[in-house]
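A short write-up of the structure that comes next.
Everything numeric in this text was worked out from a predicted model, so none of it was measured. Convention: sequence-line order gives letters A, B, ...; per-chain numbering from 1.
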Amino acid sequence: MNKPLIAGISAIRQGRQLCRICERHSSINDNQECCPYCGSPISPRIKNSQQKTWALLFTAFIFIFPANLYPITYLLKNGTRYPDTIFSGIVSLLSSGMSGIAFIVFIASIVVPILKIVVLAFISLAVHFKWQFNPKKQLIAFTLVDWIGRWSVLDLFVISIMVAVFDKGNFLSVYPGIAATSFTVVVITTLFAAQSFDTRLIWDANTDAR
Amino acid sequence: MVSQQPNIPKGYVAKCARCNHVFCKSITSKPNKIFALALAALLVCIPAFLFPLVSIHLLGITEQTNLLQGAIMMIDIAPVVSFVVLFCAVVAPTLLTICIVFSSACMMFKKRPWLLNYVLKLTSIIIHWSMLEVYLVSFMVAVFKLTSYAELYFNSGLYFLVGFLILNMTMISEYDNAQNWKYLLNE
């Protein structure tokens, strides 16, 4: 028989856990591996959440350098290759008078991945060292970077459209460079890092937070 | 933190005091409405992916391109990029639509097949990876870039893609995973 839960106290302190798939709660002691309702793996907090987040953030941090330093696309024009990095692409957009598009690409391709790594690293450090920052503000920052993180895929979609459009062999064609793969790794690892981070840890670390 | 489920008036939602996550809605969407939306989206997605999005007049030749073309062309040079583009723009939205057609049909026809458990699990995972809206913004960015190189003409695929995006987003906003699990668990 399940004891009725008391509102205002965390479930883990009442011996209960929430399944992230079916959103049903169950006893921690009786169900240590699987959710009794849907059969998904269950634990009071995401297992090794901090470790997974750090591993993914380190991967993203390593790959962000080749993503920004190496050419993301090559323009092949009359047999000559013209490499373009993320930054040089933004500069050429600015010089062609497309400042709005340059701004969108700058935000999606440079600001968002760096911001995501910095914010997630900061929150993870705050959780690890139990820094007593406002948990609600930390959650807002997390939600914001989690939501805008998906917009980094924009650059990959643009590359795929450009590759399809400029396909005239040696006369005129576009193909992705080594930075495209590095950038993809950055985008995917930061998306997974956000998913593997358990936001409830923020409140666990703040001893006097409500 | 545990929250008490309140009796909320029509049109209101209950949110967690800590994280603002909506945990209770007063209005639940009818399964037949979600089924209609998802089925329409499934029908529209075929021309959206296969019909040409844009025609480009370059070096005296006019060529058409669709959503799949660019990703498939990159498979040899950049397989990781190609996989992510295909997954986020094609596979995830289509799979999500198929899952929602299946789960809403089960609710509508009052069936509880064993597969529904797996479909609901897949839905809750794949919903984060459907990035059609990002693709459409990327398409607009690419169009602005391309206008300085060549003449562009929009084709029927683009209208189907916009239709698919609208149906997809309406379907996602109406879809309630908790409601489906309640149905499956017979609560």
Quick check: do [X] and [Y] have side-chain heavy atoms less than 4.5 Å from each other?
X         : Y         : answer
Met1(B)   : Trp203(A) : no
Leu191(A) : Trp129(B) : yes
Val187(A) : Val84(B)  : no
Asp167(A) : Gln69(B)  : no
Val2(B)   : His25(A)  : no
Leu154(A) : Tyr135(B) : no
Leu146(B) : Met162(A) : yes
Glu23(A)  : Lys182(B) : no

When the 4.5 angstrom heavy-atom criterion is applied to Ser40(A) and chain B, the contacting part is both

* **Step-by-step side-chain contact (heavy atoms from CB on, under 4.5 Å) determination, Glu63(B) to Phe166(A)** => CA-CA 10 Å; Glu63(B) 272 187 20; Phe166(A) 292 111; over 6 Å; no

Identify all side-chain donor-acceptor contacts of residues 176-186 of chain A below 3.5 Å with residues at least two apart in sequence or on another chain.
from: Ser182(A); atom 1: OG; to: Ile178(A); atom 2: O; distance (Å): 3.3
from: Thr184(A); atom 1: OG1; to: Ala180(A); atom 2: O; distance (Å): 2.6

With a 3.5 Å distance limit and no angle check, can you tell me whether Arg18(B) reaches the backbone of Arg200(A) through a side-chain donor-acceptor pair?
no

